[in-house]
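Here the structure is laid out as structure tokens; the discussion comes afterwards.
Positions are given from 1 along the sequence.
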Amino acid sequence: MDLAQRRSLIATKDNPNRVNDYIITFQTTCTRTARRLRLRYVPDKVIIDTAKIDAYFTHLFDLPDYSLEQTANALLEDMNNELVARWIQVFGEEEPHQTITHNIVIEDRQPQWDNPHLLVRISTI
């Protein structure tokens, strides 16, 4: 599956409230790869339609030979392309060994957007 096909798995719909900033969170775990991904975003014009999101995450976990960093960056880039969110954060975690936990956090935002009062409410990682 190429990039366009992967991104076609992300369905969106109109944001029901463009006036207020609010945070949407998706979290999923793949027991086969021992990876967990969390996506948080402040929507702008559209939000993720949950009807297809399972298929997207399943495909993302199945990308061959993708490191945790590559997977998290692919998630961020795909969502930036499809959502154009005001603010977005991707958290990835894997436990490849019983004594080691591997994490990554990536954030992006629209250039003029800032809402520190909203973001401070998010618990740290």
In terms of hydrophobic clusters joined by side-chain contacts under 4.5 Å, are [X] and [Y] together?
X    : Y   : value
W113 : I23 : yes
L37  : L63 : yes
V46  : V84 : no

What's the spacing between [X] [atom1] and [Y] [atom2] if we round to 0.5 Å?
X    : Y    : atom1 : atom2 : value
E94  : T29  : CD    : OG1   : 12.5 Å
L39  : L76  : CG    : CG    : 8.5 Å
I53  : L9   : CD1   : CG    : 9.0 Å
D2   : R7   : CG    : CZ    : 10.5 Å
N115 : R109 : CG    : CZ    : 9.5 Å
T58  : K52  : OG1   : NZ    : 14.0 Å

> Are the side chain of N73 and the backbone of E69 linked by a donor-acceptor contact shorter than 3.5 Å?
Replying inline: yes
Between the side chains of [X] and [Y], does any donor sit under 3.5 Å from an acceptor?
X   : Y   : answer
N15 : Y22 : yes
T28 : R36 : no
Q89 : R40 : yes
W87 : D21 : no

> I24 and side-chain contact (heavy atoms from CB on, under 4.5 Å): which partner among I48, V42, I47?
Replying inline: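 Only match with I24 under side-chain contact (heavy atoms from CB on, under 4.5 Å): I47.
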> If you measure from the Lys or Arg side-chain nitrogens to the Asp or Glu carboxylate oxygens, is any gap between R6 and D78 under 4.0 Å?
Replying inline: yes
>> Can you tell whether the side chains of D14 and K45 come within less than 4.0 Å, N to carboxylate O?
In response: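 Result for this pair is no, no salt bridge flagged.
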Is there side-chain contact between [X] and [Y], with at least one heavy-atom pair below 4.5 Å?
X    : Y    : value
T101 : E93  : yes
H59  : F61  : no
R35  : H102 : no

> According to the interplanar angle, ranging from 0 to 90°, do the rings of F26 and F57 count as parallel (below 30°), tilted (30 to 60°) or perpendicular (above 60°)?
Replying inline: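 Taking F57 first and then F26, their aromatic rings sit tilted (interplane angle of 30° to 60°).
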>> For a side chain to side chain contact (heavy atoms under 4.5 Å, CB included) check, start with the C-alpha distance between E95 and I100, then their side-chain angles and the critical distance, and finish with the verdict.
In response: CA-CA 6 Å; E95 296 181 15; I100 299 172; over 6 Å; no
> Looking only at heavy atoms, which two atoms of I10 and E82 are closest? And how far apart?
Replying inline: CD1-CG, 3.9 Å
> How close do L60 and A74 get, heavy atom to heavy atom, and via which atoms?
Replying inline: CD1-CB, 4.0 Å
>> Could you go through F91 and I104, starting from their C-alpha distance and side-chain angles, then the distance that decides it, and tell me whether this counts as side chain to side chain contact (heavy atoms under 4.5 Å, CB included)?
In response: CA-CA 6 Å; F91 171 80; I104 182 170; over 6 Å; no
